[in-house]
Amino acid sequence: MEYDFKKIEQKWQKVWEDEKRFEVPNHKEGKENMYVLIEFPYPSGVGLHMGHCRSYTAIDAFARKKRLQGYNVMFPFGTDAYGLEAERTAIKEHKPPQEIVARNIKTFQQQVRSIGLGIDWSRTINTCDADYYKWTQWQFIQFFKHGLAEKREMSVNYCPNCGVLANEEVEDGVCCQCHSETTQKLKSQWVLKMTEYGDRLDEDLKDTNFMEHIKTSQKNWIGKSEGVEVDFEIVGGGKLSIFTTCIETIYGITFMVVAPESNIVDELKPRIKNWEEVEAYRKATAKKTEFDRSEMNKDKSGVELEGIFAINPVNNKKIPVYIGDFVIASYGTGAVMAVPTHDQRDFEFAKKYNIDMIQVIDGADVSEKAFEKYDYLGKGCKLINSEEFSGLTVEQAKVAIVEKLEKLGVGRRKLNFKMRDWIFSRQRYWGEPIPMVYCKHCGWVPEKDENLPVELPKVESYEPTKDGESPLSLITDWVNTVCPNCGEPAKRETDTMPGWAGSSWYFLRYCDPKNDKEFANYDALKAWLPVELYNGGNEHTTRHLLYARFWNKFLYDCGLSPVSEPFKCRISQGLILGSDGKKMSKSSGNGVDPLVIVNQYGADAVRLWMSFIGDYFESVSWSEDGVKACKKFINKIVNFQEILTEGEEISAELKVAIHSAIKKVSNDIDNFKFNTAISALMILANEITRVGKLNNAEYKVLLTLLNPFAPHITEEIWTNLNYSPSIKDASWPKFDEKALIKQELEVPIQVNGKLRAKIMVNINSTKEEIEAQALSAVKGYLNNGEYKKIIYIPNKIFNIVV
RNA sequence: GCCGAUGUGGCGAAAUGGCAGACGCAAGGGACUUAAAAUCCCUCGGAGGGUAACUUCCGUGCCGGUUCGAGUCCGGCCAUCGGCACCA
């Protein structure tokens, strides 16, 4: 008999909706809270894709299992509505992005319902709703009040046609829309000082239970390095500071390099003898994008600042100074000490410009290439040509040299991060307005709390202006305001926040989504945090995860969040690739709409297949074959009703099979091994088929175990059979370890590690009995029964070494 | 270049250092059927030997190592995919 999945699934989705099945209070008598979180999607026009479908159904299964285990599980859903796609569609369709986004959200929510997710819809949020972004703005103001938000001159990507571009809109130095070449332009931008949290963001990873590769990505992205900052006097006045992680090579310095755009170059202008040459080089650099600059990495270039010399504080040696575009202004101090003997980049530069080299670490020849830190650290190498430090090991010298520099007052230990401060301004319409006002008298002043949110005004055109300003700058009525501080006329900030803003704290809002007094009540947060499980795409394991951790840490420091780390465990699902093994995309035409498949086979079948298709953490190519198999499997479960017998006890025949299944399915769901959980259920079903009958007690266990994956059909059968209470009140079955113990066991016998025989042994047999049995079983492989050694792992393996 | 992941049948894949290929797909054979679908049963990594129940050898990207025993651990490669890009 074929089951009518359309009717059944719609029926139960409606029941869950009507009875608000998955809504949870912040506290429930006698139940422990558990917060299970999936990354909320950006509601793009194409709707839910396979990747969403895979992770949502898998994590929904996890949440449903925890619910059956008796937890008060919060499993919320929302949408991250600000993004370029909506803005582009708005421009194309001449409709407000609000309208486009509202349309897409409706589709998304409908689709999420139709795959049967158990969502608490009372907690739904959306980042572009005024009652949400009000609090995004309020939190920005807290950053500002704590000195963590400031306006800073930054270089931005600029396209002559399209204005200021986000990094993701620039590909290979070309604007992704009009394909004209982009340049760098200095602009005053809001930044959040995330680097101040760099050390804690790095250190506190040890308190989390993220997947190892995710921790590593975070660490690499943060890029903490411990080193020393050293001041160099400039002959004739002035100072140049550098950052180095290799202070042991300080006696090997033969030149210095400064980033071309560095201010110090301007300060030294009167004393630079070849200014024209220097200026030409600076102009050439300014034209290049960061991409071009990194492209040049094969050919190091630079220009000497003629007439400028720095003084090495350890030996008072005069050192020439260069500018070179391989030095990045925004990292460290924007200047480096160059030691060609121990840094390959400096080596190449020195060769090109004929600069001296002094070897200061012994242990390798430096005439062909540099002897770098990767090669000398930890090998006991000793210093040479380094005055009183000669003869010390590198490790000893690191300490001793810093002490000397500290005494001289010219050096200090310093942490540096690859991670930059977070540029928080976008010259775009579709984002949260930055709630700041500029007053001639008071400077930057935050909007008053009672005036929040600062709402996006209606505009005619959503395109950025030609001069790179936000379209908001053209709405004079909106821009002109009064200073919240002194009441004089003042102007609003016209930049908006980046797409990452709203997603940095949405998991907090879920805990208390309707609060209009605060972003979330502290007690509500305390009830739910930290998140037990946070699942999201691999593409967000660096930036989003870091932003969210940073944002929460700041709130924690303000006493507004109860935890320093918001996520206990972070996992990322593998991609679903097209059947051709390539990423699903419009351009390669290999995309598959999950909702089409759901219509054809039913949500339960698709959910099962998504879980069964392969290891959850690995990428898999899409294939439709398995959906049919899963549908067949569901049919089999449905048809078990025909062989149902009376009985409220698990029968002896199925006892082992049932308890093994309970054990395997329970452990596998907890460990996200959804594919083997399904296979365990299939094994149980095969066993039931073999036995040819099952009773009510056994059917209940089977249905409960399957319920997280196929919630509609299992509930349908449960209700049909008048099993009460409802399946939602069923409790997750417990397995009995004793039930798994068999009286007789098959033990494989190996000779020299090769399988030669199998014997059946009684569970109570002594080692001697088993040994006799084993030896006779493999007689033919033994020389007159002689052997050297026996290794017996009880109930597992018996190995005879001859 | 650096970082991360992956590599097992025709295919998707399983395997706390202990029987490699569970479970499923596809394929082939059989039962039921007038027939088909559905369902159920059997075979299914490769090579060889036997009429046969069976049996021998090889086999987890490649080369070494540790171990009684390695898909799994260690060292060195190769290939594919993803991320980052001169970070001093």
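A note on names: the letters A, B, ... follow the listed sequences, proteins ahead of strands, and every chain is numbered from 1.
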Among [options], the nucleotide that comes nearest once only the side chain of [X] is considered:
| X | options | result |
| --- | --- | --- |
| Lys754(A) | C68(B), C87(B), C58(B) | C58(B) |
| Val801(A) | C68(B), C23(B), G4(B) | C68(B) |
| Met682(A) | C68(B), A13(B), C23(B) | C23(B) |
| Asn799(A) | G69(B), A15(B), C86(B) | G69(B) |

Below 3.5 Å, does any donor atom in the side chain of [X] face an acceptor in the base of [N], or the other way round?
| X | N | result |
| --- | --- | --- |
| Lys758(A) | C19(B) | yes |
| Asp625(A) | C25(B) | no |
| Arg690(A) | C41(B) | no |
| Glu539(A) | G83(B) | no |

Within the structure shown, what part of the strands sits under 4.0 Å from [X] by heavy-atom distance: base, sugar-phosphate, or nothing?
| X | value |
| --- | --- |
| Asn538(A) | nothing |
| Lys628(A) | nothing |
| Thr244(A) | sugar-phosphate |
| Ser621(A) | nothing |

Determine whether the aromatic ring centres of Phe633(A) and Phe612(A) lie less than 6.0 Å apart.
no
Exercise. Could you tell me whether Phe672(A) and Tyr616(A) have their ring centroids closer than 6.0 angstrom?
Key: no
Rounded distance in Å - [atom1] ([X]) to [atom2] ([N]):
| X | N | atom1 | atom2 | answer |
| --- | --- | --- | --- | --- |
| Gln573(A) | A5(B) | CD | C1' | 15 Å |
| Gln750(A) | U67(B) | CD | C1' | 12 Å |
| Asn639(A) | A38(B) | CG | C1' | 10 Å |
| Ile793(A) | U67(B) | CD1 | P | 17 Å |
| Ile797(A) | U16(B) | CD1 | P | 14 Å |
| Glu618(A) | U8(B) | CD | C1' | 13 Å |
| His540(A) | G4(B) | NE2 | P | 22 Å |
| Leu577(A) | A5(B) | CG | C1' | 13 Å |

Report the base-pairing partner of [N] (Watson-Crick or G-U wobble, both distances below 3.5 angstrom), or none.
| N | value |
| --- | --- |
| G28(B) | C42(B) |
| C2(B) | G83(B) |
| U16(B) | none |
| C77(B) | G61(B) |

Is the distance from OP1 or OP2 of [N] to the nearest side-chain N or O of [X] less than 4.0 Å?
| X | N | answer |
| --- | --- | --- |
| Asn675(A) | A22(B) | no |
| Lys215(A) | C3(B) | no |
| Arg345(A) | C87(B) | yes |
| Thr245(A) | C87(B) | no |
| Tyr781(A) | U56(B) | yes |
| Lys673(A) | A14(B) | no |

Could you work out the separation of [N] and [M] based on their [atom1] atoms and round it to a whole Å?
| N | M | atom1 | result |
| --- | --- | --- | --- |
| A38(B) | U33(B) | C1' | 11 Å |
| G61(B) | A5(B) | C1' | 15 Å |
| U55(B) | U67(B) | C1' | 29 Å |
| U6(B) | A15(B) | P | 13 Å |
| G46(B) | U34(B) | C1' | 43 Å |
| G21(B) | A37(B) | P | 32 Å |
| G59(B) | C40(B) | P | 38 Å |
| U39(B) | C73(B) | P | 41 Å |

Indicate yes or no: does [X] engage [Y] in a salt bridge with an N to O separation below 4.0 Å.
| X | Y | value |
| --- | --- | --- |
| Lys369(A) | Glu348(A) | no |
| Asp346(A) | Lys351(A) | no |
| Lys693(A) | Glu653(A) | yes |
| Glu737(A) | Lys663(A) | yes |
| Asp202(A) | Lys224(A) | yes |

| request: Identify whether the glycosidic angle of G17(B) places it syn (within 90° of 0) or anti. | output: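 Anti for G17(B); the angle lies over 90° from 0.
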task: For Lys583(A) and for Gly334(A), locate the closest nucleotide of RNA chain B by heavy-atom distance; then report the residue assigned to the nucleotide nearer the 5' terminus.
output: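 Per heavy-atom nearest nucleotide, the more 5' residue is Lys583(A).
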Check: Where each residue is assigned the nucleotide of RNA chain B containing its nearest heavy atom, which of Ile613(A) and Met337(A) is assigned the position nearer the 5′ end?
Finding: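 That would be Ile613(A).
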side-chain hydrogen bond (donor to acceptor under 3.5 Å, both in side chains) test vs Lys373(A) passes for just one of Thr245(A), Thr249(A), Asp343(A), namely Thr245(A)
May I ask you to test the Glu744(A)-Val761(A) pair for a side-chain heavy-atom distance under 4.5 Å? no
